Every structure is written in structure tokens, then in C-alpha cells.
J.: 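I have a structure here, written as C-alpha cells, and I will follow up with some questions on it.
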2 protein chains.
Amino acid sequence: MAQSDTVVRILDTAEALFAEKGFAETSLRAITSRAKVNLAAVNYHFGSKKALIQAVFARYLDPFCEEFNQELAILEKKSEVSLEELLEVLARCTISVPATKGSLSVFMRLLGLAYTQAQGHMRRYLQEHYGQTFLRFTNLLKLSSADLPDAERFWRIHFMLGAVVFTMSSLDALRDIALSDYDEKTRIADLVARLLPVVTAAMQAPVPEQPELVKQ
Amino acid sequence: MAQSDTVVRILDTAEALFAEKGFAETSLRAITSRAKVNLAAVNYHFGSKKALIQAVFARYLDPFCEEFNQELAILEKKSEVSLEELLEVLARCTISVPATKGSLSVFMRLLGLAYTQAQGHMRRYLQEHYGQTFLRFTNLLKLSSADLPDAERFWRIHFMLGAVVFTMSSLDALRDIALSDYDEKTRIADLVARLLPVVTAAMQAPVPEQPELVKQ
DNA sequence: CTCCAAGTTAAACAACTGTTTCAAACATTA
DNA sequence: TAATGTTTGAAACAGTTGTTTAACTTGGAG
């Protein structure tokens with residue numbers, strides 16, 4: 001049974017090439033030739049290039065969401081949850097899941113691409129499949145930052161999402177600079193340790209005076 | 001003299017389409033047909049699609065850097081510069097420059113695409129042409145956050161760069177959500193007002209205990 | 001007016017894209 | 001062993017891509 005082998009090899013290669021060059025810039029021929037499988041294999045096993053992209057994401061996000069949902073269920077039973085506690089759980093799940101492959105940075109790069117690259121279908125896919133988990137998280141976040149206006153919290157979530165995704169997705173380049181300029185061999189765990197106090201402080205920053213809402 | 005007219009129309013259309021769909025997903029035919037210009041005009045006036053992309057950026061960044069450099073020169077003469085002061089200058093220049101066109105959000109989206117979309121040549125172009133201005137900025141930032149270890153500052157700069165670029169590049173989608181969920185008509189100026197305290201707090205967050213540097 | 005460079009146009013170029021086809025090879029069950 | 005359904009293989013499909021060519025139009029200087 002060579003099937004699973006072909007599927008896995010396509011997924012591995014596609015993941016690497018997508019992260020390296022982007023979705024539109026990576027052709028099926030580039031994937032299949034490097035993976036040493038036939039060109040038609042992608043359409044046979046996945047149906048289309050779109051579906052392949054989604055499958056690459058699902059391989060990361062499905063196990064992540066499963067673990068994260070379990071942790072969220074525990075937190076939801078508690079009477080109150082601190083911001084540090086919630087972020088620590090998020091960080092732990094993010095690190096632990098792809099530990100088998102050790103390529104968290106690759107996945108973060110993909111996530112960044114999915115959001116910024118104008119692949120509308122990816123945003124829709126992520127929303128449909130993982131929106132509910134995200135909602136559970138934001139509900140807990142609301143409890144742990146109750147004094148923050150809803151709109152303010154909304155924007156800050158995306159500021160911090162950007163900080164994480166952007167840094168992680170450029171990780172290799174930044175790590176090289178950090179090494180040559182500051183003699184620092186930054187591991188993912190170090191980066192998370194750096195991120196936690198920054199994100200916490202950002203979420204707790206003073207709220208600016210209400211901007212006067214003008215029409216248009 | 002229809003030349004300048006053609007060039008400007010190409011730039012305007014390309015800018016809009018790039019922001020809307022991304023670089024790779026926007027064909028020269030899509031640009032030229034919407035701009036009501038002949039297909040060959042792009043290669044005639046700009047040389048290649050790559051050069052057109054760079055020209056779209058230069059139209060924003062050249063005037064921005066000119067103004068920003070002037071402001072930086074003023075700050076460099078002062079004996080000390082506060083973090084708020086420096087960030088406020090950055091925000092002011094960012095807002096003021098494209099005021100004539102009112103499409104700062106378009107440019108921000110382009111900037112986000114340039115960094116996240118794996119167009120290697122764009123990163124190189126930005127570094128080569130505007131790296132020195134960025135260096136002047138980071139030097140002042142070092143003065144205004146002298147108690148921060150260099151490596152820590154380095155990472156935080158990129159955290160915050162990510163927050164800005166990522167948010168801006170998804171701006172339209174986020175703005176729609178903010179409008180429907182919080183009845184908020186977010187203007188760019190509002191967003192900058194929200195960003196300033198967050199970035200300030202993030203840069204001033206407590207430094208985590210030195211991560212033990214292990215080999216590998 | 002003449003002439004020349006600058007700009008525009010339509011057409012064709014070669015290369016590449018995702019997808020489909022159908023015969024061959026394979027593994028599995030009866 | 002024979003029959004079955006699944007997986008691979010090479011080739012072709014129809015469409016799009018960025019770029020180039022060469023003929024054509026135009027505006028202004030000599």
C-alpha cells in the first residue's frame with residue numbers, strides 16, 4: 001500500500017514549498033516532481049490544489065484544536081481565569097502540537113500567508129472549521145480582561161495575532177540576525193518566553209480616549 | 001503627451017488590484033484592461049512586472065521617507081527622546097503622507113503583502129532603498145528605551161512591526177467585522193490612536209528572566 | 001512641411017498553469 | 001487463480017501568464 005506514502009509525501013513537500021514561496025507561486029509540478037510522485041496524484045488524492053492547501057492546514061490545526069479545546073474546557077470550569085494563565089495555555093498548546101515535526105515556524109509562516117495572501121477561500125475555510133474554537137478562546141479572554149471595551153479588545157487581539165504570526169513567519173531570517181548581531185541562539189521556547197510579557201502588557205495597556213465617531 | 005497619463009493610470013490601477021488580490025494573482029492583462037491601456041504599456045514604461053510592483057511602492061515610500069527623515073533629523077539633535085515622542089512622529093508621518101490620495105489603508109495592505117507574500121525581491125528592494133531610514137529610526141528607538149537589552153529590543157521591534165503590518169494588511173476585513181459587531185466605523189487615524197498605547201506598553205513590558213542559552 | 005523620436009497598438013511568442021484522460025500496474029478479496 | 005477495486009503513469013488538454021515584435025500613430029523641433 002503505497003497510498004499513504006504518496007499522500008504524506010505530497011503533504012510534506014507542499015507544506016515546505018508553500019511556506020517557502022507562497023501558494024500561488026508554487027505549482028503542482030514543483031510539488032510532485034520534488035516529492036517524486038506523479039503529477040496527477042494531487043488531483044487524485046485531494047481533488048484540487050485548493051483542497052491540498054486546506055489539507056496542509058488541517059494536518060496542523062486538527063490536532064492543535066483537539067488539545068486546545070480540552071485545555072479550554074478545563075479553564076471554562078474555573079470561576080475566573082487570569083490573562084497570564086490563558087495565554088500560557090495557548091502558548092503551551094501551540095508549542096506542543098507540532099513537536100513531532102519540529103516545524104512550528106513553517107506552520108506559522110503558512111498561517112501568515114493564509115491571512116494576508118488574498119486567498120479568500122482560506123480565510124473562509126479557517127473560519128468555518130476552527131472559528132468555534134477561536135470563539136471559545138475569545139470568550140475566555142473577555143473574562144480575563146473584563147475592564148477592556150469590546151471593540152478595544154477586538155483590535156488588540158488582532159494586533160497581537162499579527163505580532164505572533166509575523167514574527168514566527170519570518171523566524172528564520174530574524175533568528176539569523178539575532179545570532180549574528182546579539183550572539184543569541186533563539187529557540188522557539190525562548191521566543192514564546194519573550195512574547196508572553198509583551199502580549200500581556202499590550203492587552204493591559206491604558207485605553208485611549210474614545211475616538212469621536214464621525215460619519216465616514 | 002499621453003505618456004504621463006498612461007503611467008499614472010497604470011500605477012493607480014495596479015495599486016488597487018495588487019491590494020485587492022495580491023501580486024501573483026494580479027495579471028498584467030487585468031491591470032491594463034481596467035486601466036484602459038495597451039498590454040505592452042507596462043513593459044514599455046516600467047520594463048517588467050517586478051519593476052511595476054516596485055514603482056507602486058516607491059510612489060508612497062519616497063515622499064514618506066523624505067518627510068520622516070526630516071523629522072528624524074530634528075529628534076536627533078535633541079539630547080533625549082521619549083518613546084511616546086518618537087512613536088508619535090512615526091505615526092504622524094505615516095498618516096500625513098498619502099493624505100492627498102486618502103488611501104493609506106491600500107498602501108498598508110501592500111506593505112503587509114510585500115512582507116508576507118514570499119516575494120523575495122520586494123524585501124530586498126525595501127531593504128536596499130529604505131533600510132537606512134529604518135536604521136536611523138532604530139537608533140533613536142535605542143536612545144528612548146535605553147534600559148532594554150539590545151536583543152530584547154530587536155525582538156520587540158519585530159513584534160510591533162508584525163502587529164502593525166498584519167492588522168493593516170487585513171484592514172478591510174477587520175473593519176467590516178468591527179462595524180458589524182461593535183458599530184464602529186474605524187478610520188485609519190482611530191486605528192493609529194489605538195495602536196500607540198499598545199505599542200508603547202509592549203515596548204515597556206517587563207523583561208523576562210534571561211533564557212538560559214543552551215548550545216543548539 | 002519634413003522628419004524623427006516617443007508612444008501606442010494588435011498580434012504572436014514560448015513557457016507555464018491546473019486538470020483530465022485512459023491504459024497499465026498493483027493489491028485485495030472471493 | 002481469477003476478478004475486483006485502487007493507485008500510478010505518461011500524455012494531452014485548454015487556458016493563462018509575462019514578454020517581445022513590428023507596424024502604426026502622433027506631437028513637436030528644425
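What's counted below: heavy atoms across the whole structure, side chains too, no hydrogens, waters or symmetry copies. The model shown is predicted, which means the values in this text are computed figures rather than measured ones. The chains referred to below are lettered A, B, ... by the order of the sequence lines, with proteins before strands, and numbering in each begins at 1.
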J.: Expressed as a whole number of angstroms, how long is the span from B:Leu39:CG to C:dA12:C1'?
T.: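 One finds 11 Å between C1' of C:dA12 and CG of B:Leu39, rounded.
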
J.: Using whole Å, report how far CG of B:Asn43 lies from P of D:dT17.
T.: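 Rounded to the whole Å, the gap is 14 Å.
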
J.: With a cut-off of less than 4.0 Å, is there a side-chain N or O of A:His45 near OP1 or OP2 of D:dT6?
T.: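 Result: no.
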
J.: Which of these nucleotides, D:dT8, C:dT8, C:dG18, is closest to any side-chain atom of B:Thr6?
T.: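 Nearest to the side chain of B:Thr6 among the choices is C:dT8.
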
J.: Quickly work out the B:Lys49 NZ to D:dG18 P distance and round it to whole Å.
T.: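 Nearest whole value for this atom pair: 4 Å.
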
J.: Taking the basic N atoms (NZ, or NE/NH1/NH2) and the acidic carboxylate oxygens, is any pair closer than 4.0 Å for A:Asp12 and A:Arg9?
T.: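 No, A:Asp12 and A:Arg9 are not salt-bridged.
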
J.: In whole Å, I'd like the distance from the CD1 atom of A:Ile10 to the C1' atom of C:dT19.
T.: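 So the CD1-C1' distance, A:Ile10 to C:dT19, works out to 14 Å.
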
J.: Could you verify whether a donor N or O on one side chain and an acceptor N or O on the other, from B:Ser144 and B:Glu85, lie under 3.5 Å apart?
T.: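 Looking only at side-chain atoms, B:Glu85 and B:Ser144 do not form any donor-acceptor pair under 3.5 Å.
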
J.: Roughly, in whole Å, what's the span from CZ in B:Arg9 to C1' in C:dT8?
T.: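 It is 12 Å, rounded to the nearest whole Å.
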
J.: Identify, with sequence neighbours excluded, every residue that meets side chain to side chain contact (heavy atoms under 4.5 Å, CB included) alongside A:Val198.
T.: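 Per chain and number, A:Val198 pairs via side chain to side chain contact (heavy atoms under 4.5 Å, CB included) with B:Arg156, B:Phe159, B:Met160, B:Ala202.
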
J.: How would you label the contact of A:Thr26 with the nucleic acid (heavy atoms, under 4.0 Å): base, sugar-phosphate, or nothing?
T.: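 Sugar-phosphate contact only - A:Thr26 comes under 4.0 Å of backbone atoms but never of a base.
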
J.: Identify whether any heavy atom of B:Ala40 sits under 4.0 Å from a base atom; if not, whether one sits that close to sugar-phosphate; answer base, sugar-phosphate or nothing.
T.: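 Result for B:Ala40 = base.
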
J.: Between A:Val42 and B:Asn38, which residue's closest nucleotide on DNA chain C lies nearer the 5′ terminus?
T.: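 That would be B:Asn38.
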
J.: Of the nucleotides D:dT19, D:dA11, D:dT6, which one has an atom closest to the side chain of B:Arg29?
T.: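 Out of D:dT19, D:dA11, D:dT6, the nucleotide with an atom closest to B:Arg29's side chain is D:dT19.
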
J.: Rounded off to whole Å, could you give me the OH-to-P distance for the B:Tyr44 and D:dT21 pair?
T.: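 Taking atom P of D:dT21 as the reference, OH of B:Tyr44 is at 15 Å.
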
J.: Scan side-chain atoms only and decide if A:Asn38 and A:Tyr44 contain a donor-acceptor pair under the 3.5 Å cut-off.
T.: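 There is no such pair (donor and acceptor under 3.5 Å, judged by atom type) between the side chains of A:Asn38 and A:Tyr44.
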
J.: Name all pairs fulfilling the salt bridge (Lys or Arg N to Asp or Glu O under 4.0 Å) condition that reach into residues 31-44 of chain A, sequence neighbours left out, sorted by first residue then second.
T.: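 Sorted pair list comes back empty.
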
J.: Could you state the atom-to-atom distance from CG of A:Leu28 to P of C:dC16 in whole Å?
T.: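 For the pair A:Leu28 CG and C:dC16 P, the rounded distance is 15 Å.
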
J.: Nearest-Å distance, CD1 (B:Ile31) to C1' (D:dT17)?
T.: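 Distance, rounded to whole Å: 12 Å.
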
J.: Please state whether the phosphate of C:dT17, meaning OP1 or OP2, lies under 4.0 angstrom from any side-chain nitrogen or oxygen of A:Ser27.
T.: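 So the side chain of A:Ser27 is within the cut-off, an N or O lying under 4.0 Å from OP1 or OP2 of C:dT17.
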
